[in-house]
2 protein chains.
Amino acid sequence: MGSVKESITKKKIFEFCIREFARAGYANVSIRNISKGAGISIGAIYYYFSSKEQIGQFLYDKTTEIILNKIRLGIKKAPNDKEALRSIIYNLFDMSEKEPHLMEFILYVKHKEFLPDAPPICSSKPFEFIKNFIKEKIESGVFRDMDIVIASALIMGPVIRIIQLRMDNILNNDIRLYTESLLNGIVKSLFKEQ
Amino acid sequence: MGSVKESITKKKIFEFCIREFARAGYANVSIRNISKGAGISIGAIYYYFSSKEQIGQFLYDKTTEIILNKIRLGIKKAPNDKEALRSIIYNLFDMSEKEPHLMEFILYVKHKEFLPDAPPICSSKPFEFIKNFIKEKIESGVFRDMDIVIASALIMGPVIRIIQLRMDNILNNDIRLYTESLLNGIVKSLFKEQ
DNA sequence: TTTTTTAAAATGAACGCTCGTTTTTATTTC
DNA sequence: GAAATAAAAACGAGCGTTCATTTTAAAAAA
């Protein structure tokens with residue numbers, strides 16, 4: 001475990017599966033597809049993963065971890081509340097542009113298919129982290145006093161919507177360019193003073 | 001065609017499939033599942049549908065039509081712009097409460113799985129209709145001047161987000177109760193005057 | 001009114017195929 | 001020489017679909 005070979009083979013599986021699970025759906029990607037597409041043998045797949053479900057689990061853990069780290073770092077570095085909000089939006093957009101498959105995997109794939117007992121994606125670590133950020137801003141009086149659910153929907157709803165439009169090829173230009181105007185709209189609906 | 005028997009059997013298929021496709025995903029619902037779950041034989045299914053894909057097509061057509069009619073009627077009846085916006089939000093919430101499976105089918109099921117050449121769901125008839133409504137309000141100066149994509153995301157994003165939270169059992173009370181406060185937030189981010 | 005005919009509707013066993021997984025044997029890599 | 005990978009075959013289960021057959025219900029004929 002932890003050898004160079006492991007990381008190479010696992011990476012091949014990761015990169016092929018994240019793309020194909022997002023495109024075709026978990027159930028429509030077979031082990032034979034993975035073997036052929038990732039350029040490795042079926043034996044090698046089962047050498048590292050005990051089942052197809054475990055591949056899904058692995059992908060889920062990796063992707064949520066990557067996103068969480070990026071969001072957390074962005075908020076940490078932000079000098080004020082509005083910049084923190086901007087960093088959430090920008091980082092999600094940035095990730096959608098740089099690693100679209102990863103974002104598609106998180107937002108499109110029904111992970112209950114391979115993780116029957118996992119919480120819904122909106123309760124995964126990155127989204128919970130953002131929710132806590134919002135909660136704090138309401139309690140400290142930065143945002144208008146409102147239900148956390150509403151605040152969360154007003155922020156994440158439009159962001160996710162834009163990302164999905166991009167993933168569906170409705171938007172053909174870099175969505176990072178929308179950060180500013182989307183932030184403006186969100187700020188208007190949330191902040192006490194403007 | 002069009003007989004009483006047809007409508008009964010097709011209805012059984014419709015009701016079982018809309019629920020199961022939404023819950024488990026199209027690929028994970030087999031013809032045998034449908035046969036057993038809907039209480040009809042495999043032969044009866046193939047008597048009315050030439051393939052499994054056609055069941056998906058049928059469900060897609062029916063559901064988008066139902067939603068479109070509801071949204072269109074709501075906007076038509078609204079006395080002013082804000083009420084029209086409220087009707088969009090309320091009707092989508094109302095439908096999520098009254099016919100959750102229908103809404104889940106529209107928002108969760110990857111319909112590319114059975115409709116390979118169909119446009120993404122955000123370009124389906126009901127969503128296109130709402131988009132045109134928004135476009136008109138921007139052009140007539142009711143909404144602030146902004147990219148239609150942004151306006152669309154600021155409206156539909158939070159609405160869909162709330163619906164998804166409800167479908168994921170994160171929200172346990174009637175989401176129609178959120179109509180007013182969500183409308184308030186959206187209005188703040190969109191309307192010129194308030 | 002009873003019998004016959006018709007066609008729609010429903011049945012479920014069977015077909016060919018793919019699935020996830022395991023096993024086997026052999027080779028490559030560190 | 002131990003760990004990693006390859007290639008191929010085999011497993012039973014389940015897949016979408018087909019089809020010869022039966023049931024049902026109503027129309028036509030007697």
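Throughout, protein chains are lettered first and strands after them, A, B, ... in sequence-line order, and every chain is numbered starting at 1.
- Protein atom CD of Gln54(B) is 10 Å distant from nucleotide atom P of dT17(D), rounded to whole Å.
- Between Lys52(A) atom NZ and dG20(C) atom P the separation is 4 Å, expressed in whole Å.
- Comparing dG16(D), dT5(D), dT21(C) by their closest approach to the side chain of Tyr46(B) singles out dG16(D).
- Between Lys62(B) and Glu65(B) there is no salt bridge, since none of the side-chain N atoms of the basic residue sits less than 4.0 Å from a carboxylate O of the acidic one.
- Between the P atom of dA9(C) and the NZ atom of Lys10(B) lies a distance of 11 Å, rounded to the nearest Å.
- As a whole-Å value, the separation of Ile42(B) CD1 from dT21(D) C1' is 15 Å.
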Report the C-alpha separation of Ile71(B) and Leu92(B) in whole Å, then their side-chain angles, then the decisive distance to 0.1 Å, and conclude whether the side chain to side chain contact (heavy atoms under 4.5 Å, CB included) test is met.
CA-CA 8 Å; Ile71(B) 295 295; Leu92(B) 288 170; 3.9 Å; yes
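- Contacts between residues 25-34 of chain B and DNA chain D, counted as heavy-atom distances below 4.0 Å, involve Val29(B), Ser30(B), Ile31(B), Arg32(B).
- Ring centers of Phe58(B) and Phe49(B): under 6.0 Å apart, within the cut-off.
- The distance from atom OH of Tyr47(A) to atom P of dT22(C) is 16 Å, rounded to the nearest whole Å.
- Phosphate contact (OP1/OP2 of dA8(C), side-chain N/O of Tyr48(B), threshold under 4.0 Å): absent.
- Remark: the Ser181(B) side chain and the Asn184(B) side chain contain no N/O donor-acceptor pair separated by less than 3.5 Å.
- Side-chain proximity of Ser51(A) to dT21(C), dA9(C), dT18(D): nearest is dT21(C).
- Here Gly43(B) lies in heavy-atom contact (under 4.0 Å) with a base.
- One interatomic measurement links the two molecules: CZ of Phe114(A) to P of dG20(C), which rounds to 14 Å at whole-angstrom precision.
- Distance from the side chain of Ser41(A) is smallest for dA6(D) among the nucleotides dT18(D), dT21(C), dA6(D).
- Between the C1' atom of dT29(C) and the CD1 atom of Ile40(A) lies a distance of 16 Å, rounded to the nearest Å.
- Closest to the side chain of Ala44(A), out of dT5(D), dT17(D), dG20(C), is dT5(D).
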One pair to check against salt bridge (Lys or Arg N to Asp or Glu O under 4.0 Å): Glu83(A) and Arg86(A). What are the steps and the verdict?
CA-CA 5 Å; Glu83(A) 287 308 308; Arg86(A) 188 203 308 275; 2.8 Å; yes
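- The separation between Ile45(B) atom CD1 and dT18(D) atom P is 13 Å, rounded to whole Å.
- Across every non-hydrogen atom of Val159(A) and Ile186(A), the tightest pair is CG2-CD1, 4.3 Å.
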Identify every side-chain donor-acceptor pair in residues 112-119 of chain A under 3.5 Å, counting partners at least two apart or on other chains, and give the distances.
{"from": "Glu113(A)", "atom 1": "OE2", "to": "Ala27(A)", "atom 2": "N", "distance (Å)": "3.3"}
{"from": "Glu113(A)", "atom 1": "OE2", "to": "Asn28(B)", "atom 2": "ND2", "distance (Å)": "2.8"}

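- In this model, the phosphate group of dT5(D) is approached by a side-chain N or O of Thr9(A) to a distance below 4.0 Å at OP1 or OP2.
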